[in-house]
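Below is one structure; the comments refer to it alone.
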Amino acid sequence: MSILEALNPAQCEAAEIVDGPLLILAGAGSGKTRVLTYRIAYLINELGVNPWNILAVTFTNKAAGEMRERVEKLVGGMAGQIWGGTFHSICARLLRFEAEPFGLDSNFTIYDEDDRRAAMRRVMEAHDIDDQDLKPRAVIAQISRAKNSMLDPHQFALEAGESPHQQQIAELFTSYEAELRRNNAFDFDDLLVEVVRQFDNHPEVLAKYQERFRFLLVDEYQDTNRPQYLFCRQLAAAHRNICVVGDDDQSIYQFRGADIRNILDFERDYPEAKVVRLEQNYRSTGRILAAANAVIQNNQRRKGKELWTQAGDGELIELVECDTDRREARYIVDKLRRFINYEGYSPGDTAILYRTNAQSRALEEELQRSGMPYIIVGSIRFYERKEIKDILAYLRLLANPADDINLLRIINVPRRGIGATSLERLQVFAREQSLGLYAALDHLDQVPRLGGRAVKSLTEFRDLAHGLVADRGGMDLPELGQAIFERSGYRQMLLDENSPEAEVRAENVDQLIAFMTEFSQTREEPTLESFLEEIALMSPLDESPDTSKMITLMTLHSAKGLEFPLVFLSGMEEHLFPTSRAIEESQTNPQAIEEERRLCYVGITRARERLFMTYACRRYTFGKMIETSPSRFLDELPSELVALRREVDFSARAPRPGAARHGSGNQIFAAPEKPKRKPEPKGVHYEWDEPPASQGADDLPTYIDASDPFAVGQWVKHPSWGRGEIVAREGQGEKMKLSIRFKGSQVKKVAVAYARLEPA
DNA sequence: CAGCGGTTCATTTTT
DNA sequence: TGAACCGCTG
């Protein structure tokens, strides 16, 4: 009996066709991941394929890990031998493994957006270009686009033609590339481009991998860009065993070079390709699916498919109009509390999705008041925090001393009295001698016009670095992190600051070191380089481990591939979703709106049972209240699927059908909510279903729970800051942080586990 | 050299 | 609204 009997006929076919190219067109919720895992298990268990011969490309590293786990359940420990990960992490590993034949230094650094910008600034300075009239960001965007089209600086210059502006960018492109090579660094785009070029130039290396990766699986194929497409084509050229899975309706990364043609033209690239369509949806209710189908139908450019389900209709989709973004947030949080308290949902069943990260702020404030556990995916990324980036910069310096950009970040952090003037002198010297800055530190006596104080400070820094390099061999990863934290004076700097914020930052560094410990215990090769690489290529989702227990807030992009029983799509407004940019662009190109619509489709299809879509009539934007209008996508929802309600006055719970008219007016008004009898709450219960009488300066109700000493509204005493009122809190248990308003009305953020707080 | 206060500018989305 | 950048002062 085959393991594939657990699959439906279409899924079974998709898992079984293992010879030659295969395109699986998998609609949202059609069991795609299930097919992929069974396919791999089938290859290994029933066809005796060595897992070592399988390469699985996924969209996040987390997804790769989950797939490996699921395969493991079917085939056992051998699953660990499957190569899996994102294009970027796979390519980074390839570049390190093959550094020698490729003529590279395997200790290269991977530049993120910040590093990239810093590098570009430096290049522009060298070219004497004022960054006011040519912004580094814009130049980088153009370079990135060029790389995603596989253009090198030379080809870019040819395409630029006569335009002096474009020629200037071409020059900057050339210098930027030189700068990165000098620093032994690659940016995100380079990782892919470099592998493709190297494979072209080293067919013997390519052949090795073609031989090894006899079975190629690529998930989210609709979001591949040109270099990724070429990479796949290179690997598959010999055996043509390539299985790609995708959904043209869920292509949402064209802004970063994804080319929808890669999926639309798959059958042209591989004429012998078989195509399997998965259209039965196992995720959502009939109404949710109908809404999704109705919206996406407005796109012209698609392969065309219609999802269907055997599940029932389910509830109506609720469309909620709120007068402000604040009210919208409050409505959502209030609704969540009810679902969690009385409808048997747990926080982990729920998600709030939005178009832009900026929208998370108002929602977060409301959630903080509520005390319900939540996690924001991606907006304030752990590895982008100053203190984390600083400590990482020290680590990167040890791994790759040739990286000036990195060294400049920390040479005066903590303050060592090394100022701009001294640094400039050092840089001029280094440039003249063709030395990296780190190497130049060994010749301080030869640097012209360097003051005695500066020499002393720079020597101090050099000795610090040398010391760490010398001792590195005898330390494991977390010890090294700890040593950097201590010896660099970073910990002392935070201690001296003696503020709650500094405490939190110290705690963050401790967290980083804790992760280093975990890393060195769980990874096969816990080297410094692999650690830095993993962090550099981490997606926001890879960073947040426990979305399963909390209300999850994230962008629609981050939500791709996920599902939740209860979903809120917030900010359904013109100029926000679709964005102003897309609207503007659609003046000249009607298809510009289509990617936004696909994003909307992705959002709708995340929901299993209940879907709420909300919009505000006025929204705080750039500190100003802006009048808004409902998103055009709402007009595309069939009226019979939707219940419309209005949230105007918070204290009046019942909706007030009223003045404002919406869009084409095809929505129904919901009957006023009938007063429900409260069932006995089960499990965790979040308080304040009935809001207490409003209090406080504004007319917003403040919720207070007297049994919880750290509830919002309670007073506490801080050893150094005195008495203060808790105005907000985040996190749980040991990680709980409080925002406290002390006298002088300054608000400080405090980690409960660190600050010795007393009730006051 | 560091710290302060003023100004300006920005929001897509992410590896 | 706020982060990020600039220029001035001590």
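Here is how names work: the chains are called A, B, and so on, in the same order as the sequence lines, proteins then strands, and each is numbered from 1.
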Tell me whether the rings of [X] and [Y] are parallel (<30°), tilted (30 to 60°) or perpendicular (>60°).
{"X": "A/Tyr253", "Y": "A/Phe59", "answer": "tilted"}
{"X": "A/Phe108", "Y": "A/Phe186", "answer": "perpendicular"}
{"X": "A/His557", "Y": "A/Phe255", "answer": "perpendicular"}

OP1 or OP2 of [N] less than 4.0 angstrom from a side-chain nitrogen or oxygen of [X], does that happen here?
{"X": "A/Ser539", "N": "B/dT15", "value": "yes"}
{"X": "A/Thr60", "N": "B/dT15", "value": "no"}
{"X": "A/Arg117", "N": "C/dC5", "value": "yes"}
{"X": "A/Arg598", "N": "B/dT13", "value": "no"}

With a non-hydrogen cut-off below 4.0 angstrom, is [X] in contact with a base, only sugar-phosphate, or nothing?
{"X": "A/Asn357", "result": "sugar-phosphate"}
{"X": "A/Ala582", "result": "nothing"}
{"X": "A/Glu113", "result": "base"}
{"X": "A/Ser89", "result": "nothing"}
{"X": "A/Arg453", "result": "nothing"}
{"X": "A/Ser422", "result": "sugar-phosphate"}
{"X": "A/Thr579", "result": "base"}
{"X": "A/Arg121", "result": "sugar-phosphate"}
{"X": "A/Tyr253", "result": "sugar-phosphate"}

* A/Asp189 and its salt bridge (charged side-chain N to carboxylate O under 4.0 Å, His left out) partner, picked from A/Arg226, A/Arg116, A/Arg256 -> A/Arg116
* Asked: Which residue, A/Arg409, A/Arg385, A/Arg491, forms the salt bridge (charged side-chain N to carboxylate O under 4.0 Å, His left out) with A/Asp390?
  -> A/Arg409
May I have the distance from [X] (atom [atom1]) to [N] (atom [atom2]), rounded to whole angstrom?
{"X": "A/Lys62", "N": "B/dT15", "atom1": "NZ", "atom2": "P", "value": "13 Å"}
{"X": "A/Arg385", "N": "C/dA3", "atom1": "CZ", "atom2": "C1'", "value": "16 Å"}
{"X": "A/Glu534", "N": "B/dT15", "atom1": "CD", "atom2": "P", "value": "14 Å"}
{"X": "A/Phe188", "N": "B/dT15", "atom1": "CZ", "atom2": "C1'", "value": "5 Å"}
{"X": "A/Phe255", "N": "B/dT14", "atom1": "CZ", "atom2": "P", "value": "7 Å"}
{"X": "A/Glu220", "N": "B/dT14", "atom1": "CD", "atom2": "P", "value": "15 Å"}
{"X": "A/Asn148", "N": "B/dT14", "atom1": "CG", "atom2": "C1'", "value": "12 Å"}
{"X": "A/Tyr383", "N": "B/dT15", "atom1": "OH", "atom2": "P", "value": "14 Å"}

* Under 3.5 Å, is there a donor-acceptor pair between the A/Gln254 and A/Ser251 side chains? -> yes
* To do: Heavy atoms under 4.0 Å is the rule here; annotate nucleotides 2-11 of chain B 5' to 3' with B where the base is hit, S where only the sugar-phosphate is, and - elsewhere.
  => S-------BB
* To do: For A/Tyr111, check side chain to side chain donor-acceptor pair (under 3.5 Å) against everything at least two apart and list the hits.
  => A/Asp403
* Cation-pi, A/Trp83 ring and A/Arg68 (6.0 angstrom, 45 degrees) -> no
* Quick one: on DNA chain B, does A/Glu596 or A/Ala420 contact a more 5' nucleotide (nearest heavy atom)? -> A/Ala420
* Structure fact -> The answer to which of A/Thr421 and A/Pro540 contacts DNA chain B further toward the 5' end, by nearest nucleotide, is A/Thr421
